[in-house]
Amino acid sequence: MAATQHAFPEFELGLAAKTINLTSDTLTVGLIASTSPVFTWGATPEAYLYVSSFLAGDGTHGALTELSGGGYSRQALTSVTFTASGENDTLTSANPAWTTATFNTTYAFLYDSTVGGSDAAHPLIAYWDFGGTQSVSAATFTLTLGANGWCQWQYQ
């Protein structure tokens, strides 16, 4: 699946302030139902600080609906690695998979579930736009990370 990755700007500030620790915190991934409205990466991505602000939508198209049932639940990532090479930082993990799944999804979102006690306080890290509906029926759905992992960003 071809996906467009977006790292939320406030995430980088959390790294700098050391409120997010990519090597010791639990990072979690969730999926958005394909019946949700479109989410447009707009001119003010810094407005999306927490999971709840992402689920509220982009302000134009309405709230996003997280998947429920069909073998879905949010997943804690395993084998998380954070690498810094020169001015490039990359966040990767093992590919999360949902077994015996039946659902349709359009987006994935990544957040730090160690910080904060609810979606209103869990900081967003990134989201993926799958570029269309991804479907699975009574099979395993694997979110396969590419060469840039979950996200890659540059310091200049």
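What's counted below: heavy atoms across the whole structure, side chains too, no hydrogens, waters or symmetry copies.
- Residues F103 and V136 meet the side-chain proximity criterion, which asks for heavy atoms closer than 4.5 Å.
- N104 and S135 share a side-chain donor-acceptor pair at under 3.5 Å.
- Nearest heavy-atom pair across P37 and A63 is CD-O, 3.0 Å.
- Between L143 and A108, the closest heavy-atom pair is CD1-CB, 3.6 Å.
- Counting heavy atoms from C-beta on, the side chains of L124 and L110 never come closer than 4.5 Å.
- A distance of 7.5 Å separates CG of L22 from CG of D112, quoted to the nearest 0.5 Å.
- A donor-acceptor contact shorter than 3.5 Å is absent between the side chain of T26 and the backbone of T114.
- Both L67 and L77 are part of a single hydrophobic cluster, where members link through side-chain heavy atoms under 4.5 Å apart.
- Here I32 contributes atom CD1 and L55 contributes atom CG; the two are 5.0 Å apart, rounded to the nearest 0.5 Å.
- Here the shortest heavy-atom pairing between A97 and T142 reads CB-OG1, 3.6 Å.
- For the pair D89 and F82, the minimum side-chain heavy-atom distance is below 4.5 Å.
- Nearest heavy atoms, A120 versus S52: CA-OG, 3.3 Å.
- In terms of heavy atoms, T105 sits closest to F141 at CG2-CZ, 3.8 Å.
- A121 and G117 get closest at one heavy-atom pair: CB-N, 4.1 Å.
- By the 4.5 Å heavy-atom criterion applied to side chains, V51 and R74 are counted as neighbours.
- Counting only distance, with no hydrogens or angles, the side chain of T106 and the backbone of T133 share no donor-acceptor pair below 3.5 Å.
- Connection of W128 to Y72 is established within a shared hydrophobic cluster, with ILVMFWY side chains joined at heavy-atom distances below 4.5 Å, either directly or through further cluster members.
- Side-chain contact annotation: H61 with D58, donor-acceptor N/O pair under 3.5 Å present.
- Once rounded to the nearest 0.5 Å, the distance linking OG1 of T4 with OH of Y107 reads 10.0 Å.
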task: Mind running side chain to side chain contact (heavy atoms under 4.5 Å, CB included) on V80 and T23 for me, showing each step along the way?
output: CA-CA 7 Å; V80 175; T23 57; over 6 Å; no
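- Annotation: ring-ring contact (aromatic ring centres under 6.0 Å, His included) contacts involving residues 14-40, sequence neighbours excluded, comprise F39-Y48, F39-F54, F39-Y127.
- By the side chain to side chain contact (heavy atoms under 4.5 Å, CB included) test, T81 is found to be paired with T92, residues two or more places apart in sequence or in another chain being considered.
- F109 is not listed as a side-chain neighbour of L31, based on a closest heavy-atom distance of 4.5 Å or more.
- Taking the six-membered ring for Trp, H122 and Y111 have ring centres closer than 6.0 Å.
- Between L27 and S113 the shortest side-chain heavy-atom distance does not fall below 4.5 Å.
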